[in-house]
Engineer: 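To start, I am sharing the structure in question, which I have written as structure tokens.
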Amino acid sequence: MTDKKYVEDLIDQDDDFDQWYVDVIRKAELADDSPVRGCKVVRPYGWAIWENVQKALDWRIKEAGVENAAFPLFIPQSMLAQEADHIEGFAPEVAWVTRGGGKDLEEPWAVRPTSEAIICPMFAQWAQSYRDLPLMVNQWGNVVRWEDRPRAFLRTLEFYWQEGHTAHATLEEADARARQMLDAYRDMVETELAIPVVPGRKSEAEKFAGALHTYTIEAMMGGKHWALQSGTSHNLGDHFGKVYGIRFLDRDGERKFAFNTSWGLSHRVVGATIMVHGDDAGLKLPPRIAPIQVVIVPIWRKEGELTTVEEAVTRIVERLKPVARVKVDWRDDRTAGYKFNEWELKGVPVRLEIGPRDVAANQVVSVRRDTREKTPISIDELADRIPALLDTIQADMFEAAKRMLSEHTAVVDDYDTLAQRAADNAGWSLAHWCGDPACETKVKTETKATTRCIPFDQAEEAGSCVVCGGASSGRVIFARAY
RNA sequence: CGGGGAGUAGCGCAGCCCGGUUAGCGCGCAGCGUUCGGGACGCUGAGGUCGGAGGUUCGAAUCCUCUCUCCCCGACCA
């Protein structure tokens with residue numbers, strides 16, 4: 001290694017974490033700027049990560065009894081406008097189509113910012129009796145929200161997500177469903193992305209426009225230790241049932257309005273994965289969602305060596321293909337060292353180096369991306385050792401992320417400390433809050449930290465609000481957020 | 001939408017203040033040769049509407065006006 005600067009080099013995370021994020025996305029070929037302001041192109045390598053997330057979440061959604069479906073991209077203005085809080089909350093972010101077929105539309109169509117307004121009217125048609133409930137559908141798609149400050153994956157005008165929608169006979173059932181789906185998100189994000197999250201409830205100020213309650217999983221990013229809302233699930237009460245006329249005849253003979261939920265998780269979790277695990281060398285992908293889990297770098301000098309190595313690599317690939325996503329880097333116009341750096345930048349969890357010396361010893365040298373630990377592995381044992389190694393890396397990455405979360409979360413009992421922690425990017429603060437939106441606003445205005453959630457998992461504890469000193473029965477997370 | 005920074009070859013930049021002939025450099029890219037276990041080297045070569053539009057001028061990457069995009073901060077955002 002020289003101290004020469006190459007274009008592939010990244011700025012160090014500690015020097016400028018936001019710039020590191022921008023650089024690593026471009027250099028690892030996850031996404032690129034597009035000619036459309038605020039919209040990014042997701043490149044194949046980035047999309048492959050999202051596809052793995054989709055697979056991992058899709059089966060969990062189906063397991064929960066929800067079926068996939070597809071609803072229109074457009075929503076007529078009058079339909080969108082029916083739920084007052086909902087439209088008020090989304091109004092500034094909605095993109096409108098006013099022309100089509102060569103003429104002005106009689107009524108503008110919104111490009112969906114979310115699909116309650118098109119799905120609920122369909123639910124109204126499908127629900128007649130309590131026997132028709134619950135109605136549970138999910139759609140994978142894109143939505144548009146006119147954001148003014150785009151960041152790749154985290155906030156773009158158009159983004160990719162899934163949105164699930166359900167209708168229930170009782171509020172209790174709806175609430176349980178909202179909580180159940182949030183837990184599916186928690187499980188997916190923790191298990192597949194190796195990102196620990198804190199599940200909880202949003203404050204009134206932070207909840208979804210039109211929701212009774214919003215539940216969220218909050219994850220801590222690396223670098224500045226800001227929070228990222230990584231999935232939300234809403235108990236919509238009967239607000240949408242009432243305005244969209246989702247009525248059913250209950251078993252007691254009464255005609256009632258249905259209770260709804262909606263829940264979404266977007267490709268911003270790809271951004272979370274980048275920020276939680278990445279380091280100065282680039283991405284560090286959790287094996288379970290890494291598009292390439294094992295990259296094999298053959299090493300040879302002369303023709304004869306190439307033949308020998310080739311033969312061994314063929315055997316290795318045969319053994320690994322059934323148990324891992326493998327790629328062999330046969331490029332002969334790159335040195336081995338170059339390839340090492342490039343695949344580390346791209347975050348491939350395991351690299352196998354194999355040269356003539358290894359072939360002679362019937363082994364490969366395996367190198368972990370997360371620790372750079374090098375271990376020789378007998379070719380005969382690869383089919384057993386590699387899956388085990390991937391599991392170990394996945395587990396270790398999760399543990400490392402949990403450590404970061406706990407090391408940068410502090411119980412805080414006074415306002416000055418809270419403000420100082422926010423100013424220092426020290427991490428999350430668990431503090432008492434009386435529940436008054438005015439206190440929440442004061443913190444936000446003065447420190448830029450917002451309430452991220454009221455964690456489900458906490459002991460009852462009497463205390464006094466860090467802002468006004470008023471009575472509080474539990475703590476909330478205050479943190480700066482992306 | 002407000003404040004700041006930046007757009008010159010695929011990437012990173014110099015040139016601009018003080019206009020002047022063929023617009024440079026490093027990396028990358030193509031060909032050939034030597035190399036190859038942590039970002040190799042030599043030779044030859046290709047590659048540019050200087051973000052875009054308009055203006056000033058004999059002459060504009062350079063000066064003026066407008067505009068687009070990206071990055072950061074703020075406001076706003078479930």
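Values in this document were obtained by computation on a predicted structure and should not be read as measured data. The chains referred to below are lettered A, B, ... by the order of the sequence lines, with proteins before strands, and numbering in each begins at 1.
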Engineer: A/R351: which residues meet the salt bridge (Lys or Arg N to Asp or Glu O under 4.0 Å) condition with it, sequence neighbours left out?
Structural biologist: A/E344, A/E353
Engineer: For B/C11, give the paired nucleotide (Watson-Crick: N1-N3 plus N6-O4 or O6-N4; G-U: N1-O2 and O6-N3; both under 3.5 Å), or none.
Structural biologist: B/G26
Engineer: The side chain of A/V22 lies closest to which of these nucleotides: B/C71, B/G38, B/C36?
Structural biologist: B/C71
Engineer: Below 4.0 angstrom, which residues in residues 348-366 of chain A have at least one non-hydrogen atom near RNA chain B?
Structural biologist: A/R351, A/E353, A/G355, A/P356, A/R357, A/D358, A/V365
Engineer: Choose from B/C70, B/G39, B/G37 the nucleotide whose nearest atom is closest to any side-chain atom of A/I299.
Structural biologist: B/G37
Engineer: Could you check A/E163, A/Q162, A/H165 and say which one makes a side chain to side chain donor-acceptor pair (under 3.5 Å) with A/Q139?
Structural biologist: A/E163
Engineer: Are A/D18 and A/K224 within salt-bridge range, i.e. N to O under 4.0 Å?
Structural biologist: yes
Engineer: May I ask you to list the residues of residues 84-92 of chain A, by number, that have any heavy atom positioned under 4.0 Å from an atom of RNA chain B?
Structural biologist: A/G89, A/F90
Engineer: Check the distance between B/C36's C1' and A/W330's CH2 and give it to me in whole angstrom.
Structural biologist: 14 Å
Engineer: Applying side chain to side chain contact (heavy atoms under 4.5 Å, CB included) to A/L430 and A/I477, what does each step give before you reach the verdict?
Structural biologist: CA-CA 5 Å; A/L430 277 167; A/I477 295 172; 3.7 Å; yes
Engineer: Please output the side-chain donor-acceptor pairs of residues 82-94 of chain A that fall under 3.5 Å, not counting sequence neighbours, one pair per line with the distance.
Structural biologist:
residue, atom, partner, partner atom, Å
A/E83, OE1, A/D85, N, 3.1
A/E83, OE1, A/H86, N, 2.7
A/H86, ND1, A/A209, O, 3.1

Engineer: With rounding to the closest Å, how many angstrom separate the P atoms on B/U8 and B/C70?
Structural biologist: 15 Å
Engineer: Figure out the CG/P separation between A/D148 and B/C71, and round it to whole Å.
Structural biologist: 13 Å
Engineer: Could you give the side-chain donor-acceptor pairs of residues 173-181 of chain A under 3.5 Å, partners two or more places apart or in another chain?
Structural biologist:
residue, atom, partner, partner atom, Å
A/E173, OE2, A/H168, ND1, 2.8
A/D175, OD1, A/Y215, OH, 2.5
A/D175, OD1, A/N235, ND2, 2.8
A/D175, OD2, A/Y215, OH, 3.3
A/R177, NH1, A/A64, O, 2.9
A/R177, NH2, A/A64, O, 3.3
A/R177, NH2, A/Q180, OE1, 3.4

Engineer: If you look at every strand shown and take non-hydrogen atoms under 4.0 Å, does A/R37 touch a base, only sugar-phosphate, or nothing?
Structural biologist: sugar-phosphate
Engineer: When you match A/D33 and A/A205 each to their closest nucleotide on RNA chain B, which lands nearer the 5' end?
Structural biologist: A/D33
Engineer: Using purine N1 to pyrimidine N3 plus N6-O4 or O6-N4 for Watson-Crick, or N1-O2 and O6-N3 for G-U wobble, each under 3.5 Å, what pairs with B/C41?
Structural biologist: B/G33
Engineer: Identify, with sequence neighbours excluded, every residue that meets side-chain contact (heavy atoms from CB on, under 4.5 Å) alongside A/K242.
Structural biologist: A/D238, A/F257
Engineer: Can you see if the side chain of A/T335 gets near the phosphate of B/G39 - specifically, an N or O under 4.0 Å from OP1 or OP2?
Structural biologist: no
Engineer: With the side chain of A/R26 defined as its heavy atoms from C-beta on, choose the nearest nucleotide among B/G38, B/C11, B/C70.
Structural biologist: B/C11
Engineer: May I ask you to say what A/G231 touches in the nucleic acid, namely base, sugar-phosphate or nothing, with a heavy-atom cut-off under 4.0 Å?
Structural biologist: nothing
Engineer: For A/A481 and A/E344, take the nucleotide of RNA chain B holding the closest heavy atom to each; which residue's nucleotide lies nearer the 5' end?
Structural biologist: A/E344
Engineer: Using both distances under 3.5 Å as the test, list the Watson-Crick or G-U wobble partner of B/G20, or none.
Structural biologist: B/C58
Engineer: What distance, rounded to whole Å, do you find between the two C1' atoms, one in B/G12 and one in B/G7?
Structural biologist: 13 Å
Engineer: Salt bridge check, A/K444 against A/E440: does any charged N sit closer than 4.0 Å to a carboxylate O?
Structural biologist: no
Engineer: How close do A/I299 and A/A336 get, counting heavy atoms only, and between which atoms?
Structural biologist: CG1-CB, 4.0 Å
Engineer: Using a cut-off of under 3.5 Å, enumerate the N/O to N/O pairs linking the protein to nucleotides 29-31 of chain B.
Structural biologist:
residue, atom, partner, partner atom, Å
B/C29, OP1, A/R334, NH1, 3.4
B/C29, OP1, A/R334, NH2, 2.2

Engineer: Salt-bridge test for A/D370 and A/R368: reply yes if a basic N is under 4.0 Å from a carboxylate O, no otherwise.
Structural biologist: yes
Engineer: Write down the distance separating the C1' atoms in B/C27 and B/A40, rounded off to the nearest Å.
Structural biologist: 14 Å
Engineer: Does A/T375 have any side-chain contact (heavy atoms from CB on, under 4.5 Å) partners at least two apart in sequence or in another chain, and if so, which?
Structural biologist: A/S366, A/E373, A/R385
Engineer: Which parts of residues 151-164 of chain A get close to RNA chain B, meaning a heavy atom less than 4.0 angstrom away?
Structural biologist: A/R151, A/R155, A/W161
Engineer: What's the CG-C1' distance between A/D332 and B/A40, to the nearest Å?
Structural biologist: 14 Å
Engineer: Can you tell whether the side chains of A/D32 and A/K40 come within less than 4.0 Å, N to carboxylate O?
Structural biologist: no
Engineer: At 4.0 Å (heavy atoms only), tell me whether A/R480 reaches a base, stays on the sugar-phosphate, or touches nothing.
Structural biologist: sugar-phosphate
Engineer: Ignoring the backbone of A/D18, work out which of B/A40, B/A75, B/C72 is nearest its side chain.
Structural biologist: B/C72
Engineer: For B/C11 and B/G47, measure between their C1' atoms and round to the nearest Å.
Structural biologist: 14 Å
Engineer: Taking atom P in both B/G15 and B/U62, compute the distance separating them and give it to the nearest angstrom.
Structural biologist: 15 Å
Engineer: Between B/C16 and B/G33, how many Å separate the two P atoms, rounded to a whole number?
Structural biologist: 43 Å
Engineer: If pairing requires Watson-Crick or G-U wobble contacts with both distances under 3.5 Å, which nucleotide is the partner of B/C70?
Structural biologist: B/G5
Engineer: Is it the case that the ring center of A/Y45 lies less than 6.0 angstrom away from the ring center of A/W47?
Structural biologist: no
Engineer: Within the 4.0 Å heavy-atom criterion, would you say A/K374 contacts the bases, only the backbone, or no part of the nucleic acid?
Structural biologist: base
Engineer: Report which part of the nucleic acid A/T232 touches: base, sugar-phosphate, or nothing (heavy-atom distance under 4.0 Å, all strands).
Structural biologist: base
Engineer: Please state whether the phosphate of B/G74, meaning OP1 or OP2, lies under 4.0 angstrom from any side-chain nitrogen or oxygen of A/K448.
Structural biologist: yes
Engineer: Suppose you measure atom P in B/G39 against the same atom in B/C17; what distance do you get, rounded to whole Å?
Structural biologist: 43 Å
Engineer: Should B/C50 form a Watson-Crick or G-U wobble pair with both distances under 3.5 Å, which nucleotide is its partner?
Structural biologist: none
Engineer: If we take the P atom in both B/C41 and B/U35, what is their distance in whole Å?
Structural biologist: 15 Å
Engineer: Whole angstroms only, please: what is the CD-P distance between A/Q19 and B/C71?
Structural biologist: 9 Å
Engineer: A/R334: what forms a salt bridge (Lys or Arg N to Asp or Glu O under 4.0 Å) with it, not counting sequence neighbours?
Structural biologist: none
Engineer: Mind checking whether A/W20 and A/D14 have side chains closer than 4.5 Å, heavy atoms only?
Structural biologist: no
Engineer: OP1 or OP2 of B/G39 less than 4.0 angstrom from a side-chain nitrogen or oxygen of A/K27, does that happen here?
Structural biologist: no
Engineer: By side-chain contact (heavy atoms from CB on, under 4.5 Å), which residues pair with A/A31, not counting sequence neighbours?
Structural biologist: A/I25, A/F153
Engineer: Nearest whole Å is fine: how far is B/G28 P from A/N341 CG?
Structural biologist: 14 Å
Engineer: Applying salt bridge (Lys or Arg N to Asp or Glu O under 4.0 Å), can you list everything that pairs with A/R268, at least two apart in sequence or on another chain?
Structural biologist: none
